[in-house]
K.L.:
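Below is a structure I'd like to ask you about.
The shown structure was predicted, so the numbers you read here are calculated from the model rather than taken from an experiment.
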Amino acid sequence: EHEVEKMFTLKPGRLPQADVKNIIFFVRPKLELMDIITDNVLREDRGRSPQRDFHILFVPRRSLLCEQWLKEQGVLGSFIHREQYSLDLIPFDGDLLSMESESAFKECYLESDQTSLYHAAKGLMTLQALYGTIPQIFGKGECARHVANMMIRMKREFPGSQNSIFPVFDTLLLLDRNVDLLTPLATQLTYEGLIDEIYGIQNTYVKLPPEKFAPKKQGEGGKDLPTEPKKLQLNSAEELYAEIRDKNFNAVGSVLSKKAKIISAAFEERHHAKTVGEIKQFVSQLPHMQAARSSLANHTSIAELIKDITTSEDFFDNLTVEQEFMSGIDTDKVNNYIEDCIAQKHPLIKILRLVCLQSVCNSGLKQKVLDHYKREILQTYGYEHILTLNNLEKAGLLKPQTSGRNNYPTIRKTLRLWMDDVNEQNPNDISYVYSGYAPLSVRLAQLLARPGWRSIEEVLKMLPGPHFEERQQLPTGLQKKRQHGENRVTLVFFLGGVTYAEIAALRFLSQMEDGGTEYVIATTKLINGTSWIKSLMEKLEPAPF
Amino acid sequence: MSRARADEEEYWHSSKFRAFTFDDDDDELSQLKESKRAVNSLRDIVDDDDDDDLERVSWSGEPVGSISWSIKETASSSTSSLEGRDSSLQKGSSSYAAFPKQVSSYSLSSLFKGRNKLPSFQSLSDVFSDTGVKNYAPELRRPKTEYKDYSSDWSPKDTVRRMQRGKVCSLERFRSLQDKLVLLDEAVAGHDGNVITAVLIFLKRTLRREILFRELEVRQVALCHLIHFLKETGEQKLLLDLLRFLDRTEEVALSQYREHLNIQDVEKRREFLKVCIGLPFSAEDTSHIQDHYTLLERQIIIEANDRHLETAGQSEIFRKYPRKASILNMPLVTTLFYSCFYHYTEAEGTFSSPTNLKKTFKIPDKQYVLTALAARAKLRAWDDVDALFTTKNWLGYTKKKAPIGFHRVVEILQRNNAPVQVLQEYVRLVEDVETRLNLATKYKCHDVVIETYRDLKDRIQLTAYKCKVERGSAEEEKINSILNNMQIRWKN
């Protein structure tokens, strides 16, 4: 629409050739990106004519730090315009918003830099401008408190923000990630969660190994296997995916086979079509059926890929250990499986996930156990990882048991975090998303809706940070008169990231017949244990230039 | 265009997602034209002014060519965005029933559209939160009309607020320490890290270090931001000074230690690590840093030695298995593996011998055995493997013992393609009968399977196993002879 000639992804080196006048850098305000841009600008051919103009657009906010940096590199003057594009919350699905700020957790809990919280508050203000003031705000954790304070302040400072939109959301629940450090560490067992754990979903896209997606045509044999990874978009617009994404993986197979039967039956119907009218009707349904068939083929392939992994011995062993920890078994001594994994030099992140999980499930490890793990990790993976271990300690993921008391069993029992009789096929509780473990964060949301947090005061005190409630006054005309049987809508904002399994659990609660509450989810970043731990690791490779 | 539109129309009508509809055809088209015109006219102006950088300002005093400008232009032509939004929301909610049940029925896709249709969205957010991209002019090309605006006395509070909106403010006006601190406190109260950092950069430039440190000590939030800032920009010296001033000794130590990663030259890195040992780490960490230093020191010696050996071509092991990479900066266990591979038989006195490494770094038995096993198995030195698990008691009897459990030994050997004869010797030593049977069956150690069934007096299983062995082989004969043995009391 704006005659944009071409879009390129940012990479160091010379800018690609393009016969254009203006070049706009569309970037997150990050110093490493500034270095790349500097490189781009400096390598620009001075002699070329016409000379190209540079502009820079920061998302979501201009950063004076970045500009200072560009200035020091001597390129700031090259930019004709420096602007910002205030994109705080990016919609990912009908009920999901993310700021996609992967460093938010690290910044908040390691560096005590609350800029991302400021952006979260800004995003919430925008949301309120569009969907009405949210009358009730609940929260748990330091960051939650901060965001709520900022929202209240911003509202006060911009009296014009009093809008006349009928509120869509009844309640806002702000949750700190560090209130529930446990959940992201465990392996997610929903279909979508597993896709993310194994292949990593990036902005709703996933890249998969191509072998299983080779077109099966007769006569061609197995030649010409595609070598490029297969890229697929995943969201609820795809009917089949919407149905299976949040199911426990063990329940996906039966749905897929049922669908397969329905579709082949539908295709069979063409033999029964006799009249022209019937044939016409059949033909009109064809595009839909074909889309359904290819969607089914894709997901069957993905499910096969995942099944290869979930049926492997190592996956099973790993899961067994996780579940032992979460149900409170043997969390206070050195675990054999973890030791074995270190000895076999399994990926460091896997080790860290397990050790942190054990630490969290034991309210910290005994000093001797912690020292043992640390020594083994440093000797096997390199001493420089002492920096990463330190970061994990600072974030509270890995720590010595200081109080001498393990609170986890109390929390587990009160919040019913571990359910022995879990039904994966037809779940009756959120614990199905981890095949037994009910995510703490979602339990808090569930208990808030009914019967209210007053019933769990004791446990809330054991979890870090304050819990609070705020009300925002609405003009009388906008106050909701609830009809009988009408659902309440709660926006849950995870500060520091949320996993797909947690989202699945909240969707499950939305669907419950007698639930009475529907949930919309917002977060700073969609995470899984691996990406999360990675964001906390010290970057050990020196920058490439 | 019209065909595309028809498709789109169909999409919106046939789809369940009916959150947003394009109501007015003409309006959209005119918007498009308008923005195109804006962009075009922008190009003319830019071209005209090419050599006159300072004056690139439009009539209204707004920066020309900024995206915001064209956006605003189009925004003004879009009618009553508020109303439009409302109705789109209504539509979103009225389609509840059509929504797939998995998804929460409140559609945010209307917001999605709102984003795409920047104009209306932008104007909305401008009204309420003032975050919009507008009115900002870069420092150099400040429009004249704004000069007055600029130099007028903004209070610290207003200054901070203006900065939050992305406007450039001169901070130089704040001369006295008192003023600067008020400004900082205002920035902190605003919670916008961007502004806090900007103020800190200003203070850092204009305040004496001691004063800056002293004032930050009582302003924890600002302090954290400065530390983060210094880390990001790599101002190591100032950072260390600050941490020292704050008595955060462990952080000083870690932060200084981190520096070694930037040193490529190994000799320099070693020197640097030596200095690090003296830093105020926790007791536990100090020993790790000490080990790190010692390890690198060793690696340098080993590397020099082995490179020489390799190029000389005298040593058989290096000729047969050329080194894939240098051992420098590798983790301890990797180094141990290397040493078990190339220097296994060396006396304890040499730096490169495995036993020396084990002693120096107090490597636990378990880890040592695992590593040595993997290295010797890779070389197919089965005698060494055997020796690893043989212990003699004081009477001179030999006994097999493994600190890691023989099932692990078997796994490692198997991974290195050990022959069945070697494998079965260790399978036999697996204590747990079930595991032993499993491993033996898996790796086709027939003798072990047969003997185990015999010891279990399990005739049925033994008979069944007959079909797993080759016809007419020694194993089959063995099974037959056991089955025919009248002295065994079978349990079944």
Side-chain angles (χ1 to χ4, degrees), chain A residues 1-3 21 31 53 61-65 68-69 80-86 91 94-95 97 111-115 117-118 122 125-126 129-130 150 154 158 160-161 163 165 168 236 239 242-243 246 343 371 378-384 386-387 390 489 507 510-511 518-520 540 542, chain B residues 32 35-36 39 43 46 63 65-68 85-86 100-109 111-112 114-115 124-125 127-133 136 138 166 191-194 197-198 201 221 224-225 228-229 232-233 254 258 261-262 284-285 288-289 291-292 331-333 361 363 367 370:
Chain A
E1 286 180 21
H2 296 286
E3 297 188 344
K21 175 81 186 124
L31 287 185
D53 289 343
R61 211 76 63 192
R62 282 182 64 190
S63 148
L64 295 156
L65 176 57
Q68 166 97 2
W69 190 254
I80 312 273
H81 291 106
R82 288 165 272 142
E83 301 288 345
Q84 63 185 12
Y85 177 38
S86 316
D95 59 350
L97 296 157
E111 327 270 10
S112 313
D113 178 341
Q114 281 147 357
T115 309
L117 299 182
Y118 174 78
K122 281 271 186 193
M125 293 312 280
T126 311
L130 293 169
M150 279 188 266
M154 286 175 190
F158 300 103
S161 65
N163 61 42
I165 297 169
V168 170
S236 285
E239 208 177 308
E243 187 176 341
D246 299 321
D371 288 345
L378 295 178
Q379 290 188 339
T380 308
Y381 297 92
Y383 290 104
E384 59 276 17
I386 205 167
L387 296 166
N390 234 281
V489 182
R507 284 185 183 144
S510 294
Q511 279 182 74
E518 289 190 31
Y519 295 93
V520 172
L540 296 176
Chain B
L32 257 175
S35 71
K36 195 165 173 176
V39 172
R43 180 179 300 157
V46 170
S66 84
I67 292 204
S68 65
R85 179 148 318 281
D86 232 347
K101 191 54 185 158
Q102 269 78 9
V103 191
S104 180
S105 17
Y106 282 92
S107 158
L108 289 171
S109 48
L111 174 60
F112 203 121
R115 298 274 183 196
L124 246 175
S125 69
V127 170
F128 296 119
S129 50
D130 210 358
T131 57
V133 276
Y136 166 70
H191 288 103
D192 185 348
N194 187 23
T197 308
I201 293 173
V221 176
C224 291
H225 277 271
H228 187 194
F229 166 72
E232 285 274 302
T233 52
L254 281 166
R258 181 189 292 116
L261 293 165
N262 299 325
E284 187 67 25
D285 286 355
H288 292 314
I289 306 295
D291 281 354
H292 191 176
L332 174 61
V333 171
F361 295 97
I363 298 171
Q367 203 159 40
L370 270 173

K.L.:
If I compare all heavy atoms of B:P331 with all of A:G382, which pair ends up nearest, and what's the gap?
P.N.:
CB-N, 3.5 Å
K.L.:
Can you confirm whether B:D192 sits close enough to A:K122 that some side-chain heavy atom of one is under 4.5 Å from a side-chain heavy atom of the other?
P.N.:
no
K.L.:
Go through the atoms of B:F229 and report whether side chain, backbone, both or neither lie under 4.5 Å from a heavy atom of chain A.
P.N.:
side chain
K.L.:
With respect to chain A, which residue among B:L254, B:L370, B:I289, B:I363 yields the maximal number of heavy-atom pairs within a distance under 4.5 Å?
P.N.:
B:L254
K.L.:
Is any side-chain heavy atom of B:D291 closer than 4.5 Å to a side-chain heavy atom of A:L378?
P.N.:
no
K.L.:
Write down the atom of B:H288, the atom of A:Y383, and the distance for their closest heavy-atom approach.
P.N.:
O-CD2, 3.6 Å
K.L.:
For residues A:T380 and B:Q367, determine if any side-chain heavy atom of one lies less than 4.5 Å from a side-chain heavy atom of the other.
P.N.:
yes
K.L.:
Report yes if the side chains of A:D113 and B:T197 come closer than 4.5 Å at any heavy-atom pair, otherwise no.
P.N.:
no
K.L.:
Which value, rounded to the nearest 0.5 Å, describes the distance between B:R258 atom CZ and A:E384 atom CD?
P.N.:
13.0 Å
